[in-house]
Q: 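Quick one: the structure is below, and I'll ask about it shortly.
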Amino acid sequence: MYIRIVGAGVMGRGIAQWAVTAGHTVELADARPESVDEAVAFVESMLRRAEDKGRLTADEAAAARSRLFPLDSPWAAGRDVELVIEAVREDLAVKSEVFTRLAEVLPASTVFATNTSSIPVTQLAATLADPTRLAGLHFFNPVPLMRIVEIVPGRLTRPEIPALLFDLVRATGHRAVVVADTPGFLVNHAGRGLITEALALLEESVVEVPDLDRIARDVLGLRMGPFELTDLTGLDVSAAVIDSVWTGFRHSDRLRPSFLTPNRVAAGLLGRKTGRGYYDHSPDAAPPAAEPPITGDSGRAMRVVGAGQGVQSDVDAVRRAVLAAGGMLGEEDIEGDASPVILVPTWGTTVAAAVHEQSLPVDRTVGVCPLSLDTRRVVLAATPAVSPAAVADARAVLAGGREGGEPRAVSVVRDTAGSVPQRLLASIIGVGASIAERGLAAPGDVDLAVTTALGYPHGPLAWGDRIGAGRLLALQEALLASTGDPRYRPTRWVRERAQLGLSLTAPPFEAR
């Protein structure tokens, strides 16, 4: 295919490298000619690197270089151009001008594609004389390595264009997902589940930033914690996406932003780009504070009491974890400080509620998150009434290891409904299920895009299946009942599949 790329910045040069490597002829243009020269040099250097690493042969690298043509002007005539990919800055007026001027010099048959990440494709298309020729083709940075592309038809896009773009992307070895023209498209929308809930936990002082990131990595299996990722991408970028998606979905409770971010942005605490964010990235910065040492009595007995949905299975799981760590189970209270610590596995509820409902000793009752029991990190929850000694002893016991003898970390957070891992995961799955419920993307594409673009170990819907639709529904209902916050309201997608015994990836009924 003969492709013209307009915009020679980070994204444009990445798309150019992707296209020429795949065998397409590329014209690269920019309003600043020097940007084109820099981009061509960059692409050539990346092709040389691929050749040096054996990913391309010398002939393949030379052929790819021969297919890249710099243009002096984006507005040059080009009767052979079949596809334009626009990758200029995120500004509706600027993008509109690009396509309006290109329409004057390129054939009417040339397909227009915008790499926008936030501007509605339909609104951009509406500024053109022929809105049917434009679609979104949203790449992720770095383009050659991020092997997922969102194809976004506008309301008036000709039906053959998404299919053409889909085939183009698939033929290069990248994965393509067709998504609705809605705020955030698919990936940026789905990614709000993690960061908005992380910010909510920070608002409530449930957990400090470093420990929340540790929990996200060690319990949920994420490559980076939400605040580590925000510091990498820039809080200004993340905050803008959070606000635009929330506004676009008419202030959906599930996507509600945090009051914490505006002041941090105003203060320039944007992350790596400014040297300080949620972490200090200055050259002489000290590393994040180490986790507190284990100081408790690992020989103290633990008694396990159930609370909430799935009581017996959670109780059994905590008992197994205590025994696997070399701990001792005790069922009877005895005089003095040696009385067993009460461990309560909670599911969408609080430790305080269990203490109240079951008349448990306030000073010896500690919560345990069942989601964390088979991971590298156990998460405990402490109420304002619990004795620090009881928490320290529970931490010492559970740090002893799991089956196989591997020691593990233990985090202590403040008591909250569902504890930290459950809230994060309920939000991730809730946003993913909402996307599927609205028909914004096929269920399989939701999971494909999230795992490929965001690096999650599972897609939201498949992750929900690992928990079980019924147990997930119970978690979300308990969170809603415990907090009264509509952000936890279960979607019809989850409720219906739980009632029918279906997978969360099961597509909706379609009349034939």
Side-chain angles (χ1 to χ4, degrees), residues 194-235 238-239 258-261 263-265 267-298 325 341 351 366-369 371-373 375-384 386-402 406-416 418-425 455:
L194 174 66
I195 186 60
T196 54
E197 193 62 32
L199 286 165
L201 287 160
L202 205 60
E203 280 184 6
E204 299 165 29
S205 299
V206 172
V207 61
E208 298 297 324
V209 164
D211 219 23
L212 191 148
D213 280 344
R214 294 180 185 121
I215 290 169
R217 292 194 310 267
D218 293 346
V219 178
L220 299 186
L222 302 181
R223 295 176 186 172
M224 300 180 73
F227 297 113
E228 293 170 320
L229 181 60
T230 298
D231 270 10
L232 179 64
T233 59
L235 181 60
S238 296
S258 169
F259 68 81
L260 296 175
T261 53
N263 278 351
R264 295 188 69 89
V265 171
L269 300 174
L270 307 183
R272 293 180 183 272
K273 66 172 71 175
T274 58
R276 286 183 61 197
Y278 290 103
Y279 298 92
D280 188 348
H281 301 282
S282 60
D284 56 349
E291 298 186 64
I294 301 295
T295 59
D297 178 8
S298 61
V341 173
V351 182
V366 179
V368 184
C369 177
L371 280 178
S372 69
L373 292 173
T375 72
R376 295 183 296 176
R377 180 178 298 272
V378 176
V379 179
L380 303 179
T383 70
V386 71
S387 161
V391 176
D393 293 347
R395 187 166 179 256
V397 168
L398 288 167
R402 49 181 168 163
E406 181 185 349
R408 56 183 170 183
V410 182
S411 290
V412 179
V413 303
R414 293 182 179 178
D415 185 26
T416 183
S419 195
V420 172
Q422 294 170 39
R423 282 182 54 174
L424 292 175
L425 191 54

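Just so you know, these numbers use all the heavy atoms, side chains as well, and skip hydrogens, waters and symmetry mates. These numbers were taken from a predicted model, which means no experiment stands behind them.
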Q: Apply side chain to side chain contact (heavy atoms under 4.5 Å, CB included) to the pair D415 and T383, showing each step before the final yes or no.
A: CA-CA 5 Å; D415 185 26; T383 70; 3.6 Å; yes
Q: Any side-chain heavy-atom pair from V413 and S419 closer than 4.5 angstrom?
A: yes
Q: Determine, stepwise, if the pair V351 / V366 fulfils side chain to side chain contact (heavy atoms under 4.5 Å, CB included).
A: CA-CA 7 Å; V351 182; V366 179; over 6 Å; no
Q: What I'd like to find out is whether the side chain of L201 reaches to under 4.5 Å of the side chain of V420, using heavy atoms alone.
A: yes
Q: For the side chain to side chain contact (heavy atoms under 4.5 Å, CB included) test, which of V412, V379, L212 pairs with V207?
A: L212
Q: Give a yes or no on this: more than 12 heavy atoms of other residues, nucleotides or ligands lie within 6.0 Å of atom CZ of R276.
A: no
Q: Any idea which heavy atoms bring P226 and A198 closest together, and the distance?
A: CG-CB, 3.7 Å
Q: Could you check whether atom CZ of R414 has more than 12 heavy atoms from other residues, nucleotides or ligands sitting under 6.0 Å from it?
A: no
Q: Just how far is it from atom OG of S258 to atom CZ of R264, taken to the nearest 0.5 Å?
A: 10.0 Å
Q: Measuring from atom CD of E228 to atom CG of D213, what distance do you get when rounded to the nearest 0.5 angstrom?
A: 4.0 Å
Q: Enter the distance from Y278:OH to L260:CG here, rounded to the nearest 0.5 Å.
A: 6.5 Å
Q: Could you grab the distance from atom CG of L232 to atom CE of M224, nearest 0.5 Å is fine?
A: 5.0 Å
Q: With rounding to the nearest 0.5 Å, note down the distance linking OG in S372 to CD1 in I215.
A: 8.5 Å
Q: A side-chain contact here means heavy atoms from C-beta on lying under 4.5 Å apart; do V378 and R395 qualify?
A: no
Q: Taking the side chain as C-beta and beyond, is there a heavy-atom pair between Y279 and P210 under 4.5 Å?
A: yes
Q: Would you compute the distance between atom CG of L222 and atom CG of L194 and round it to the nearest 0.5 angstrom?
A: 6.0 Å
Q: If we only count heavy atoms from C-beta on, is the L199 to T261 side-chain gap below 4.5 Å?
A: yes
Q: For a quick test of reading the model, state the closest non-hydrogen atom pair linking L380 to V368 and the distance between them.
A: CD2-CG2, 3.8 Å
Q: List the atom of A390, the atom of V341, and the distance in Å for their closest heavy-atom pair.
A: O-CG2, 3.8 Å
Q: Do you know the tightest heavy-atom contact between T274 and G268?
A: OG1-O, 2.8 Å
Q: Is D393 close to V397 at the side-chain level, that is, under 4.5 Å between some pair of heavy atoms?
A: no
Q: When you measure from the side chain of R408 to the backbone N and O of L373, does any donor-acceptor pair fall under 3.5 Å?
A: yes
Q: Does the side chain of S411 come under 3.5 Å of the side chain of R214 through a donor N or O and an acceptor N or O?
A: no
Q: For the residue pair G275 and D280, what are the closest heavy atoms and their distance?
A: O-OD1, 3.5 Å
Q: What closest approach, in Å, do F259 and E203 show between heavy atoms, and which atom pair accounts for it?
A: N-OE2, 3.2 Å
Q: Side-chain contact, heavy-atom cut-off 4.5 Å: D211 with R377?
A: yes
